[in-house]
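Naming convention: chains lettered A, B, ... in sequence-line order (proteins, then strands); numbering from 1 in each chain.
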Number of protein chains: 2
Amino acid sequence: MAGTTSTVSGTAAASSRTRRAPADKHDARRNQLAESALTTLGELGYARTSLREIANNSEFSHGVVHYYFHDKLELIVYCVRYYKAQCVTRYDAVVSDSTTAEGLLDAFAAKLVETLRDEAPMHRLWYDLRTQSMFEESLREAVTMIDATLEEMIWRVVSRYAELAGRPTAMTPSAAYAVLDGLFQQALLGHLVGQPQALDQIASQVHGLMPLMLAPAPS
Amino acid sequence: MAGTTSTVSGTAAASSRTRRAPADKHDARRNQLAESALTTLGELGYARTSLREIANNSEFSHGVVHYYFHDKLELIVYCVRYYKAQCVTRYDAVVSDSTTAEGLLDAFAAKLVETLRDEAPMHRLWYDLRTQSMFEESLREAVTMIDATLEEMIWRVVSRYAELAGRPTAMTPSAAYAVLDGLFQQALLGHLVGQPQALDQIASQVHGLMPLMLAPAPS
DNA sequence: CGAAACCCTTGACGACTGTCAAGACTTTCC
DNA sequence: GGAAAGTCTTGACAGTCGTCAAGGGTTTCG
């Protein structure tokens with residue numbers, strides 16, 4: 001199991017300067033552990049994930065976690081922030097590539113269905129952590145920051161949708177995020193429980209809801 | 001609220017035959033333990049709640065739980081169902097007492113704020129359990145049943161609101177529940193995190209959203 | 001009264017957890 | 001080469017968990 005890491009770093013930039021990368025290598029290990037942790041967390045949830053299980057899903061032993069992270073909470077928070085960077089730009093292509101309101105709506109709904117299908121474990125982990133922050137104060141800072149980032153992400157979609165439709169928005173960013181998040185969470189639950197129509201349903205629901213976020217057409 | 005019938009029958013016939021109530025007393029103890037468990041669960045969350053802690057919040061010792069429940073999961077599921085009975089009728093008075101659409105909307109928003117303020121621990125417990133059901137299959141049956149019941153509860157409000165407004169509904173029960181649940185969950189999180197404006201915000205957001213659930217006025 | 005059923009406490013079990021110290025192994029650098 | 005720094009494993013610690021058996025206490029009823 002062990003020793004594989006040395007082969008990786010050895011085969012990579014062995015020619016020029018294999019050394020002289022203390023902080024970089026340190027961060028690389030932290031990210032590597034974070035990815036193993038995120039896999040385990042998405043599989044088992046926050047409560048049932050132990051440091052030994054995280055280490056089992058990596059190529060290291062359980063003691064190494066405490067070498068790179070002060071304690072379990074620091075690892076979790078690091079994971080949450082690491083995860084954030086991956087999902088914030090999820091809909092940026094949708095916003096920039098669309099030229100009509102209907103096209104943006106279709107692309108947005110399709111992207112929702114796609115991430116719901118392909119990244120369900122990560123999404124349920126996010127909802128798990130956000131709910132745990134209702135009980136555990138130490139999670140709140142990271143959760144609040146990510147929640148704000150997600151709200152901004154959604155608002156970029158909604159405001160661009162309004163711009164393309166030529167109609168002003170009729171909701172606050174906060175409300176728009178909340179209602180779309182409610183639909184998404186319901187679809188995620190339905191999808192995980194095994195309802196086959198959950199994916200189609202979220203698409204049609206979003207198609208029905210988004211026009212309501214704009215002021216009525218002047219007509 | 002749930003097992004009130006058995007309690008009543010037990011106290012009523014106490015004079016004539018104090019005995020002959022094995023199932024009734026058994027159920028009363030189960031409900032008593034369920035209430036202690038719900039208090040603890042609302043305080044600590046599902047993950048950090050142990051049977052010993054539940055027993056500490058009651059007047060019994062930790063071993064008694066296993067006398068009335070086969071295992072921890074049976075207690076939790078029993079608690080969830082017990083909790084359901086208390087919240088399903090929450091908005092029934094709002095529906096039956098309102099005579100105008102505006103009056104219903106005001107009363108509904110006020111009730112949302114009230115339960116958000118007074119019963120926050122129970123609400124975060126519900127969201128905790130619903131999220132845990134995304135990971136733990138054994139919780140799904142009870143959670144799915146309660147979720148459907150809540151959706152019906154919300155739909156009674158929305159459809160009555162449409163009736164009073166003289167306009168047809170423009171959303172499915174599923175979508176109406178999802179968007180309102182999203183707003184509620186956001187407000188709960190904000191309230192628990194200490195945002196003072198969370199309660200006022202949910203009221204105004206609901207006032208803005210509910211009219212959008214109806215077909216546009218004929219004008 | 002005395003047997004029997006019921007209720008509850010106590011204490012212990014094996015398993016699991018986060019944490020951390022001790023040491024082996026590897027890499028870096030003079 | 002050899003000291004020094006960095007990296008990782010191993011093993012153990014104190015604690016908590018769900019579970020359950022053994023045995024008092026209490027109540028019920030013939």
> Calculate, to the nearest 0.5 Å, the distance between atoms CD1 and OG belonging to B:Ile54 and B:Ser58 respectively.
9.0 Å

> Nearest to the side chain of A:Tyr68, which nucleotide is it out of D:dC8, D:dC17, C:dC8?
D:dC8

> May I have the distance from B:His70 (atom NE2) to D:dG18 (atom C1'), rounded to whole angstrom?
12 Å

> When you match A:Gly63 and A:Tyr67 each to their closest nucleotide on DNA chain D, which lands nearer the 5' end?
A:Tyr67

> Roughly, in whole Å, what's the span from CD1 in B:Ile54 to C1' in D:dT19?
14 Å

> Rounded to the nearest 0.5 Å, what separates atom CG in B:Leu41 from atom CD in B:Glu43?
10.5 Å

> Is there a donor N/O on one and an acceptor N/O on the other, under 3.5 Å, for the side chain of A:His62 and the base of D:dG11?
yes

> If you check every side-chain atom of A:Ser50, which of D:dT19, C:dG18, D:dT9 has the closest atom?
C:dG18

> In whole angstrom, give the distance that lies between atom CZ of B:Arg30 and atom P of C:dC8.
13 Å

> Flag yes if more than 12 heavy atoms outside A:Glu137 fall under 6.0 Å of its CD atom; otherwise flag no.
no

> To the nearest angstrom, how far is B:Asp71 atom CG from D:dC20 atom C1'?
12 Å

> Nearest to the A:Arg29 side chain among C:dT19, D:dC8, D:dT9, which nucleotide is it?
D:dC8

> Examine C:dC20: is either OP1 or OP2 under 4.0 Å from a nitrogen or oxygen in the side chain of A:His66? Give yes or no.
yes

> Taking the side chain of A:Arg52 as its heavy atoms from C-beta onward, which of D:dT7, D:dG18, C:dT19 lies nearest to it?
C:dT19

> Counting only heavy atoms not in A:Glu74, do more than 12 fall under 6.0 Å of its CD?
yes

> Ignoring the backbone of B:Val64, work out which of C:dT9, C:dT19, D:dC8 is nearest its side chain.
C:dT9

> Could you check which of C:dG18, D:dC8, C:dC8 has an atom nearest any side-chain atom of A:Lys72?
C:dG18

> Measure the CD-CG distance between A:Glu59 and A:Leu33 for me, rounded to the nearest 0.5 Å.
9.0 Å

> Starting the side chain at C-beta, find the nucleotide from C:dG18, D:dC8, D:dT19 nearest to A:Phe60.
D:dC8

> Calculate the interatomic distance between B:Phe69 atom CZ and C:dC7 atom C1'; express it in whole Å.
15 Å

> Rounded off to whole Å, could you give me the CG-to-C1' distance for the A:Leu44 and C:dC16 pair?
14 Å

> Rounded to the nearest angstrom, tell me the gap between atom CG in A:Leu51 and atom C1' in D:dC8.
16 Å

> Whole Å only: how far is the NE2 atom of B:His26 from the P atom of C:dC6?
10 Å

